[in-house]
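Here's the structure, in C-alpha coordinates; my notes come after.
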Amino acid sequence: MDISSRLIKIVEMVPMSDTVADIGTDHGYVLIELLKRKKIKRGIASDNKEMPLEKARKNAVAENVENSMDFRLGSGFKTLKEGEVNGAVIAGMGGILIRELLENDMDVIKHLDFILLQPAQNPEILRKYLYQHHYRILEEELVREDRRFYEYLMVKYDPVESEPLVNHLDYVVGDLLLKKQHPLLKDYLTSKIKELEEIKEKINLTSVNAKRKSDDIILKIKELRSVRDGSDG
Ligand SMILES: C[S@@+](CC[C@H](N)C(=O)[O-])C[C@H]1O[C@@H](n2cnc3c(N)ncnc32)[C@H](O)[C@@H]1O
(Lines give C-alpha, C1' and ligand atoms only; values in the text may rest on other atoms or scores of the structure.)
Protein backbone atom coordinates (compact mmCIF):
# COMPACT_ATOMS: atom_id res chain seq x y z
CA MET A 1 0.00 0.00 0.00
CA ASP A 2 1.54 3.26 -1.18
CA ILE A 3 0.15 6.28 0.62
CA SER A 4 0.76 9.99 0.00
CA SER A 5 2.71 12.37 2.27
CA ARG A 6 -0.61 14.17 2.87
CA LEU A 7 -2.06 11.01 4.46
CA ILE A 8 1.18 10.00 6.20
CA LYS A 9 1.11 13.29 8.12
CA ILE A 10 -2.36 12.37 9.44
CA VAL A 11 -1.10 8.97 10.55
CA GLU A 12 1.83 10.63 12.33
CA MET A 13 -0.37 13.19 14.09
CA VAL A 14 -2.99 10.76 15.45
CA PRO A 15 -2.04 9.85 19.04
CA MET A 16 -1.95 6.23 20.30
CA SER A 17 -5.63 5.43 20.89
CA ASP A 18 -8.05 2.56 21.38
CA THR A 19 -10.57 3.52 18.69
CA VAL A 20 -10.51 6.17 15.98
CA ALA A 21 -13.11 6.99 13.32
CA ASP A 22 -12.28 8.18 9.82
CA ILE A 23 -15.18 10.24 8.49
CA GLY A 24 -15.25 10.29 4.69
CA THR A 25 -12.81 7.39 4.63
CA ASP A 26 -12.93 6.62 0.89
CA HIS A 27 -9.97 4.19 0.39
CA GLY A 28 -9.58 3.62 4.17
CA TYR A 29 -5.79 4.13 3.99
CA VAL A 30 -5.54 6.26 7.15
CA LEU A 31 -7.08 3.62 9.44
CA ILE A 32 -5.31 0.76 7.71
CA GLU A 33 -1.92 2.45 8.21
CA LEU A 34 -2.78 3.35 11.83
CA LEU A 35 -3.64 -0.32 12.49
CA LYS A 36 -0.51 -1.58 10.74
CA ARG A 37 1.63 0.75 12.87
CA LYS A 38 -0.31 -0.41 15.98
CA LYS A 39 -1.20 3.19 16.87
CA ILE A 40 -4.87 2.21 17.28
CA LYS A 41 -6.64 -0.99 18.27
CA ARG A 42 -9.82 -0.44 16.27
CA GLY A 43 -10.89 1.78 13.38
CA ILE A 44 -14.35 2.86 12.28
CA ALA A 45 -14.36 3.65 8.58
CA SER A 46 -17.35 5.85 7.77
CA ASP A 47 -18.58 7.27 4.49
CA ASN A 48 -21.89 8.45 3.08
CA LYS A 49 -21.50 6.40 -0.10
CA GLU A 50 -21.34 2.63 -0.58
CA MET A 51 -18.62 2.48 -3.25
CA PRO A 52 -15.92 4.14 -1.13
CA LEU A 53 -16.79 1.91 1.82
CA GLU A 54 -16.48 -1.15 -0.38
CA LYS A 55 -13.08 0.14 -1.56
CA ALA A 56 -11.99 0.60 2.08
CA ARG A 57 -13.13 -2.94 2.94
CA LYS A 58 -11.20 -4.43 -0.02
CA ASN A 59 -8.05 -2.50 0.95
CA ALA A 60 -8.41 -3.62 4.58
CA VAL A 61 -8.72 -7.27 3.48
CA ALA A 62 -5.63 -6.90 1.27
CA GLU A 63 -3.67 -5.56 4.27
CA ASN A 64 -5.13 -8.15 6.65
CA VAL A 65 -6.64 -5.65 9.11
CA GLU A 66 -10.35 -6.04 8.26
CA ASN A 67 -11.16 -7.72 11.59
CA SER A 68 -10.04 -4.59 13.43
CA MET A 69 -12.29 -2.32 11.39
CA ASP A 70 -15.99 -1.47 11.19
CA PHE A 71 -17.45 -0.09 7.96
CA ARG A 72 -20.40 2.25 8.41
CA LEU A 73 -22.61 4.02 5.91
CA GLY A 74 -23.97 7.46 6.79
CA SER A 75 -23.27 11.19 6.83
CA GLY A 76 -20.60 12.74 9.03
CA PHE A 77 -20.63 11.74 12.68
CA LYS A 78 -24.14 10.23 12.48
CA THR A 79 -22.64 6.76 12.25
CA LEU A 80 -21.03 7.08 15.70
CA LYS A 81 -22.48 6.62 19.17
CA GLU A 82 -21.58 9.11 21.90
CA GLY A 83 -18.29 8.16 23.58
CA GLU A 84 -17.66 5.24 21.23
CA VAL A 85 -14.36 6.50 19.83
CA ASN A 86 -11.42 8.43 21.33
CA GLY A 87 -10.97 10.61 18.30
CA ALA A 88 -11.83 11.20 14.68
CA VAL A 89 -10.19 12.23 11.43
CA ILE A 90 -11.86 14.19 8.62
CA ALA A 91 -9.60 14.75 5.64
CA GLY A 92 -9.90 15.74 2.02
CA MET A 93 -13.30 17.45 2.28
CA GLY A 94 -13.91 21.19 1.93
CA GLY A 95 -13.75 23.41 5.02
CA ILE A 96 -17.39 24.44 4.67
CA LEU A 97 -18.62 20.83 4.59
CA ILE A 98 -16.39 19.93 7.56
CA ARG A 99 -17.84 22.87 9.52
CA GLU A 100 -21.35 21.64 8.70
CA LEU A 101 -20.57 18.07 9.82
CA LEU A 102 -19.12 19.35 13.12
CA GLU A 103 -22.16 21.56 13.76
CA ASN A 104 -24.61 18.75 13.01
CA ASP A 105 -23.43 16.34 15.69
CA MET A 106 -22.26 18.18 18.78
CA ASP A 107 -23.43 15.32 21.02
CA VAL A 108 -20.75 13.08 19.51
CA ILE A 109 -18.17 15.87 19.10
CA LYS A 110 -18.12 16.87 22.75
CA HIS A 111 -16.99 13.37 23.82
CA LEU A 112 -13.98 13.26 21.51
CA ASP A 113 -10.44 13.71 22.87
CA PHE A 114 -9.31 14.96 19.48
CA ILE A 115 -10.53 15.69 15.98
CA LEU A 116 -7.91 15.89 13.25
CA LEU A 117 -9.05 18.05 10.35
CA GLN A 118 -7.39 18.40 6.97
CA PRO A 119 -9.60 20.66 4.84
CA ALA A 120 -9.14 20.39 1.07
CA GLN A 121 -10.49 23.92 0.45
CA ASN A 122 -11.43 26.99 2.50
CA PRO A 123 -9.18 26.24 5.49
CA GLU A 124 -9.59 29.84 6.75
CA ILE A 125 -13.39 29.50 6.94
CA LEU A 126 -13.01 26.34 9.02
CA ARG A 127 -10.27 27.90 11.18
CA LYS A 128 -12.45 30.94 11.91
CA TYR A 129 -15.33 28.66 12.96
CA LEU A 130 -13.09 26.62 15.26
CA TYR A 131 -11.51 29.70 16.85
CA GLN A 132 -14.91 31.25 17.50
CA HIS A 133 -16.74 28.15 18.74
CA HIS A 134 -14.69 26.98 21.70
CA TYR A 135 -12.38 24.52 20.03
CA ARG A 136 -8.94 24.28 21.56
CA ILE A 137 -6.27 24.12 18.86
CA LEU A 138 -3.96 21.34 20.06
CA GLU A 139 -1.65 21.24 17.06
CA GLU A 140 -1.34 22.64 13.57
CA GLU A 141 0.77 21.34 10.72
CA LEU A 142 1.55 22.00 7.08
CA VAL A 143 2.64 19.67 4.32
CA ARG A 144 3.66 20.50 0.76
CA GLU A 145 3.07 17.84 -1.85
CA ASP A 146 3.25 18.38 -5.62
CA ARG A 147 3.57 22.15 -5.07
CA ARG A 148 0.30 22.22 -3.10
CA PHE A 149 0.04 23.05 0.59
CA TYR A 150 -2.13 21.05 2.99
CA GLU A 151 -3.21 22.40 6.37
CA TYR A 152 -3.88 20.23 9.43
CA LEU A 153 -5.71 21.21 12.60
CA MET A 154 -5.80 18.94 15.62
CA VAL A 155 -8.60 20.26 17.85
CA LYS A 156 -10.78 19.45 20.83
CA TYR A 157 -14.14 20.97 21.65
CA ASP A 158 -13.80 22.58 25.06
CA PRO A 159 -16.52 25.09 25.98
CA VAL A 160 -15.49 25.25 29.65
CA GLU A 161 -11.82 26.17 29.39
CA SER A 162 -11.47 27.94 26.09
CA GLU A 163 -12.35 31.53 25.25
CA PRO A 164 -13.17 32.38 21.63
CA LEU A 165 -9.86 33.13 19.90
CA VAL A 166 -9.15 35.96 17.50
CA ASN A 167 -6.68 35.67 14.67
CA HIS A 168 -5.29 38.99 13.42
CA LEU A 169 -4.42 37.52 10.03
CA ASP A 170 -8.05 36.85 9.18
CA TYR A 171 -7.65 33.13 9.92
CA VAL A 172 -5.39 32.65 6.89
CA VAL A 173 -2.56 31.28 9.03
CA GLY A 174 -2.95 29.50 12.36
CA ASP A 175 -1.35 30.98 15.47
CA LEU A 176 0.45 27.74 16.28
CA LEU A 177 2.14 27.67 12.88
CA LEU A 178 3.35 31.21 13.52
CA LYS A 179 4.42 30.49 17.08
CA LYS A 180 6.52 27.50 16.16
CA GLN A 181 7.85 29.17 12.99
CA HIS A 182 6.96 26.14 10.92
CA PRO A 183 9.71 25.41 8.35
CA LEU A 184 7.19 25.81 5.49
CA LEU A 185 5.72 29.04 6.88
CA LYS A 186 7.52 31.49 4.55
CA ASP A 187 6.67 29.51 1.42
CA TYR A 188 3.11 29.06 2.61
CA LEU A 189 2.70 32.81 3.20
CA THR A 190 4.19 33.51 -0.23
CA SER A 191 1.63 31.21 -1.85
CA LYS A 192 -1.23 32.91 0.05
CA ILE A 193 0.06 36.37 -1.01
CA LYS A 194 0.18 35.19 -4.62
CA GLU A 195 -3.41 33.91 -4.41
CA LEU A 196 -4.57 37.27 -3.05
CA GLU A 197 -2.65 39.20 -5.71
CA GLU A 198 -4.35 37.12 -8.41
CA ILE A 199 -7.78 37.85 -6.91
CA LYS A 200 -6.94 41.56 -6.72
CA GLU A 201 -5.89 41.63 -10.39
CA LYS A 202 -9.28 40.26 -11.42
CA ILE A 203 -11.30 42.89 -9.55
CA ASN A 204 -12.85 45.41 -11.91
CA LEU A 205 -12.66 48.71 -10.04
CA THR A 206 -15.90 50.16 -11.33
CA SER A 207 -17.97 50.26 -8.15
CA VAL A 208 -17.46 51.48 -4.59
CA ASN A 209 -17.85 47.90 -3.35
CA ALA A 210 -15.18 46.63 -5.71
CA LYS A 211 -12.82 49.41 -4.58
CA ARG A 212 -13.47 48.47 -0.92
CA LYS A 213 -12.82 44.79 -1.66
CA SER A 214 -9.59 45.65 -3.43
CA ASP A 215 -8.47 47.86 -0.50
CA ASP A 216 -9.19 45.01 1.95
CA ILE A 217 -7.07 42.65 -0.13
CA ILE A 218 -4.22 45.17 -0.35
CA LEU A 219 -4.27 45.45 3.44
CA LYS A 220 -4.30 41.68 3.89
CA ILE A 221 -1.36 41.29 1.48
CA LYS A 222 0.55 43.93 3.45
CA GLU A 223 -0.07 42.10 6.74
CA LEU A 224 0.96 38.74 5.33
CA ARG A 225 4.12 40.26 3.81
CA SER A 226 5.08 41.85 7.09
CA VAL A 227 4.65 38.53 8.94
CA ARG A 228 6.60 36.67 6.27
CA ASP A 229 9.45 39.16 5.99
CA GLY A 230 9.66 39.67 9.71
CA SER A 231 9.88 35.93 10.38
CA ASP A 232 13.04 33.91 10.22
CA GLY A 233 11.20 30.65 9.54
C1 LIG B 1 -12.02 13.39 -1.43
S2 LIG B 1 -12.49 12.03 -0.48
C3 LIG B 1 -11.30 12.08 0.82
C4 LIG B 1 -10.92 10.70 1.25
C5 LIG B 1 -9.91 10.60 2.38
N6 LIG B 1 -10.46 11.07 3.63
C7 LIG B 1 -8.64 11.36 2.05
O8 LIG B 1 -8.35 12.37 2.69
O9 LIG B 1 -7.92 10.94 1.13
C10 LIG B 1 -13.96 12.51 0.34
C11 LIG B 1 -14.78 11.35 0.86
O12 LIG B 1 -15.76 11.88 1.73
C13 LIG B 1 -16.99 11.24 1.48
N14 LIG B 1 -18.07 12.15 1.93
C15 LIG B 1 -18.55 13.24 1.31
N16 LIG B 1 -19.52 13.81 2.06
C17 LIG B 1 -19.64 13.06 3.18
C18 LIG B 1 -20.46 13.11 4.32
N19 LIG B 1 -21.39 14.06 4.46
N20 LIG B 1 -20.33 12.17 5.27
C21 LIG B 1 -19.41 11.17 5.14
N22 LIG B 1 -18.60 11.07 4.06
C23 LIG B 1 -18.72 11.99 3.10
C24 LIG B 1 -16.96 10.94 -0.01
O25 LIG B 1 -17.85 9.88 -0.35
C26 LIG B 1 -15.50 10.57 -0.22
O27 LIG B 1 -15.28 9.19 -0.05
Side-chain angles (χ1 to χ4, degrees), residues 1-17 20-40 43-47 52-53 55-65 68-69 86-99 101 113-127 130 137-156 171-195 224 227-228 231-233:
M1 195 176 78
D2 196 15
I3 80 173
S4 62
S5 331
R6 176 181 69 85
L7 293 178
I8 286 289
K9 179 55 88 181
I10 296 174
V11 171
E12 288 170 356
M13 287 178 79
V14 169
M16 298 283 281
S17 310
V20 168
D22 183 21
I23 308 295
T25 195
D26 196 6
H27 36 67
Y29 287 163
V30 166
L31 293 178
I32 293 170
E33 188 65 20
L34 283 166
L35 284 163
K36 283 170 69 180
R37 293 188 184 196
K38 301 200 185 321
K39 286 191 83 174
I40 61 170
I44 298 180
S46 189
D47 207 287
L53 271 188
K55 206 190 313 175
R57 194 193 303 275
K58 271 194 191 140
N59 288 336
V61 169
E63 297 292 332
N64 212 15
V65 293
S68 305
M69 285 174 72
N86 305 101
V89 172
I90 311 188
M93 290 186 213
I96 295 172
L97 175 59
I98 294 177
R99 179 181 69 182
L101 298 182
D113 295 334
F114 67 88
I115 314 171
L116 179 50
L117 307 167
Q118 185 269 300
Q121 301 96 27
N122 297 310
E124 60 290 335
I125 292 179
L126 178 63
R127 186 177 282 114
L130 297 166
I137 315 295
L138 305 174
E139 182 61 288
E140 283 200 72
E141 266 298 340
L142 272 179
V143 161
R144 181 167 41 193
E145 188 177 52
D146 301 332
R147 283 191 283 160
R148 207 193 137 168
F149 286 95
Y150 296 99
E151 294 93 346
Y152 301 74
L153 289 132
M154 176 74 98
V155 303
K156 176 176 168 46
Y171 307 94
V172 172
V173 191
D175 292 334
L176 287 185
L177 292 177
L178 291 169
K179 204 183 274 176
K180 70 179 176 191
Q181 286 291 302
H182 193 284
L184 292 175
L185 187 62
K186 276 195 173 183
D187 289 349
Y188 180 71
L189 286 166
T190 300
S191 81
K192 290 287 168 189
I193 290 166
K194 199 162 159 248
E195 266 174 38
L224 292 177
V227 173
R228 181 193 61 186
S231 70
D232 276 64

**OP:** For residues 87-96, pull every pair meeting salt bridge (Lys or Arg N to Asp or Glu O under 4.0 Å), keeping only residues two or more places apart or in separate chains.
**Re:** none
Original post:
Which residues pass the salt bridge (charged side-chain N to carboxylate O under 4.0 Å, His left out) test with Asp113, sequence neighbours left out?
Top reply: none
Subject >> Contacts of type salt bridge (charged side-chain N to carboxylate O under 4.0 Å, His left out), residue Asp175, not counting sequence neighbours >> reply: none
Which residues share a side-chain hydrogen bond (donor to acceptor under 3.5 Å, both in side chains) with [X], sequence neighbours left out:
X      : answer
Asp26  : Lys55
Glu145 : Ser5
Asn64  : none
Asp47  : none

Non-neighbouring partners of [X] that pass side-chain contact (heavy atoms from CB on, under 4.5 Å), sequence neighbours left out:
X      : value
Lys180 : Glu139, Glu141, Leu177, His182
Thr190 : Arg228
Arg57  : Glu54, Phe71
Lys36  : Met1, Ile32, Glu33, Glu63, Val65

Original post:
What's the shortest heavy-atom distance between Val11 and Val30, and which atoms?
Top reply: CG2-O, 4.0 Å
**OP:** Please report the closest heavy-atom contact between Tyr29 and Asp2, naming both atoms and the distance.
**Re:** CE1-O, 4.5 Å
Original post:
Could Arg127 and Glu140 be called an ion pair, given the rule that one side-chain N must be under 4.0 Å from one carboxylate O?
Top reply: yes
Original post:
Would you call Pro15 and Met154 a side-chain contact if the rule is heavy atoms closer than 4.5 Å?
Top reply: yes
Side chains of residues 114-125: which donor-acceptor partners sit under 3.5 Å, not counting sequence neighbours?
unit_1 : atom_1 : unit_2 : atom_2 : d
Gln118 : OE1    : Arg6   : NH1    : 2.8
Gln118 : OE1    : Gly92  : N      : 3.3

Subject >> Atom pair CG (Asp187) and CZ (Arg147), whose distance is rounded to the nearest 0.5 Å >> reply: 13.0 Å
Original post:
Atom CG in Leu189, atom CG in Leu185: separation rounded to 0.5 Å?
Top reply: 4.5 Å
